[in-house]
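The structure under discussion appears below in the form of structure tokens.
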Amino acid sequence: GNSVTQMEGPVTLSEEAFLTINCTYTATGYPSLFWYVQYPGEGLQLLLKATKADDKGSNKGFEATYRKETTSFHLEKGSVQVSDSAVYFCALSDPQSGKLIFGQGTELSVKP
Amino acid sequence: DSGVTQTPKHLITATGQRVTLRCSPRSGDLSVYWYQQSLDQGLQFLIQYYNGEERAKGNILERFSAQQFPDLHSELNLSSLELGDSALYFCASSVEGGGMNTEAFFGQGTRLTVV
């Protein structure tokens with residue numbers, strides 16, 4: 001079945017450091033891929049998405065490229081801020097229903 | 001603010017009891033999804049309704065049920081509650097019920113604590 005695997009956290013970085021959170025997926029067909037972010041005490045917010053191979057999603061300095069050949073969708077940011085501290089979830093959607101299958105989440109902590 | 005409203009925000013109840021969680025989707029969204037977030041299971045899809053009809057089902061226990069009403073709000077009913085049902089329950093909504101560009105918007109969640 002479809003599944004998503006993320007690198008385990010927590011990840012602790014200093015402000016202005018480079019961020020990579022790895023995400024790989026297993027899927028039949030061609031799902032859309034997403035990164036969601038969950039700030040403490042809040043719901044999930046869509047960070048970025050990509051709907052087909054080689055698409056690059058970007059938002060707020062974060063980027064991820066849909067790599068079909070490596071079945072990956074790694075999240076990157078060139079310079080993190082303290083305000084980026086949150087839990088990040090990689091997800092794929094079932095094309096027929098739109099239901100999301102999530103990775104286990106990666107907690108990011110950015111220190112000043 | 002995503003536009004998806006969930007009530008209540010917090011719920012504390014005893015084992016064996018029954019509770020109802022409510023979700024109002026964004027205006028115009030026809031599809032509602034329910035997810036459970038727990039420490040050991042992560043974020044799990046429970047069930048989806050589209051325009052009043054069940055569209056997809058995940059690992060939802062038989063003790064749990066849901067429905068979507070004509071005004072498109074949805075309720076998740078949890079009965080014979082067990083300690084292990086303690087979790088954060090999210091509702092999400094989208095305009096469509098599938099397709100490559102389906103984008104789901106999440107509510108703030110209902111934190112259920114079973115004691």
Side-chain angles (χ1 to χ4, degrees), chain A residues 1-10 21 23 25 27-55 57 59 64 66 68 73 86-107, chain B residues 1-7 9-10 21 23-26 29-51 53-60 66 88-111:
Chain A
N2 295 346
S3 66
V4 176
T5 302
Q6 286 179 238
M7 65 185 281
E8 289 193 21
I21 301 178
C23 170
Y25 68 91
T28 53
Y30 304 98
S32 294
L33 301 175
F34 303 83
W35 278 99
Y36 279 84
V37 58
Q38 186 178 28
Y39 297 102
E42 296 188 14
L44 283 84
Q45 300 175 26
L46 177 64
L47 183 58
L48 53 83
K49 70 176 185 180
T51 57
K52 61 183 187 298
D54 300 324
D55 262 5
N59 185 27
Y66 190 147
K68 188 165 172 289
F73 193 55
V87 180
Y88 292 81
F89 291 91
C90 184
L92 63 82
S93 71
D94 176 271
Q96 291 195 323
S97 69
K99 72 179 185 186
L100 292 165
I101 295 168
F102 288 92
Q104 63 268 46
T106 302
E107 183 180 358
Chain B
D1 183 5
S2 68
V4 179
T5 304
Q6 289 187 248
T7 56
K9 289 186 100 168
H10 302 276
L21 312 184
C23 170
S24 294
R26 290 189 323 154
D29 284 359
L30 298 177
S31 194
V32 169
Y33 307 81
W34 286 98
Y35 293 87
Q36 179 194 58
Q37 184 179 30
S38 61
L39 281 174
D40 52 347
Q41 297 287 328
L43 264 165
Q44 299 281 322
F45 167 72
L46 295 178
I47 196 164
Q48 176 201 9
Y49 278 81
Y50 178 77
N51 204 21
E53 300 288 327
E54 184 182 301
R55 170 73 61 101
K57 211 165 186 175
N59 297 325
I60 187 167
L88 197 48
Y89 291 84
F90 284 109
C91 167
S93 73
S94 64
V95 174
E96 301 292 336
M100 286 175 63
N101 285 311
T102 297
E103 184 174 323
F105 294 83
F106 282 76
Q108 298 282 307
T110 293
R111 182 169 295 283

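In what follows, chains carry the letters A, B, and so on, assigned in the order in which the sequence lines appear, proteins first and then strands, with residues in each chain numbered from 1.
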Of the backbone (N, CA, C, O) and the side chain (C-beta and beyond), which part of B/Leu88 lies under 4.5 Å from a heavy atom of chain A, both, or neither?
side chain

Which residues pass the ring pair (Phe, Tyr, Trp, His ring centres under 6.0 Å) test with A/Tyr88, sequence neighbours left out?
A/Phe62

Who are the ring pair (Phe, Tyr, Trp, His ring centres under 6.0 Å) partners of B/Phe106, not counting sequence neighbours?
A/Tyr36, B/Tyr35

Is the number of heavy atoms from other residues, nucleotides or ligands under 6.0 Å of A/Glu8 CD greater than 12?
no

Side chain / backbone / both / neither for B/Ala56 at chain A, heavy atoms under 4.5 Å:
side chain

Bottom line for A/Leu46: the part with an atom under 4.5 Å from chain B's heavy atoms is side chain

Heavy-atom count around B/Asn59 CG within 6.0 Å, excluding the residue itself: above 12?
no

Where on B/Gln48 is there a heavy atom nearer than 4.5 Å to chain A: the side chain, the backbone, both, or neither?
side chain

Proximal component of B/Gln37, with respect to chain A [non-hydrogen, under 4.5 Å]
side chain

Under 4.5 Å to a heavy atom of chain B? For A/Gln45 that would be neither

Scored by heavy-atom pairs under 4.5 Å with chain A, the best of B/Gly58, B/Ala104, B/Gly42, B/Ser94 is B/Ala104

Does any heavy atom of chain B fall under 4.5 Å from the side chain of A/Glu42, the backbone, both, or neither of them?
both

State whether the number of non-hydrogen atoms from other residues, nucleotides or ligands found under 6.0 Å of B/Arg111 atom CZ is greater than 12.
no

Heavy-atom check, side chain of A/Leu100 versus side chain of B/Tyr33, under 4.5 Å
no

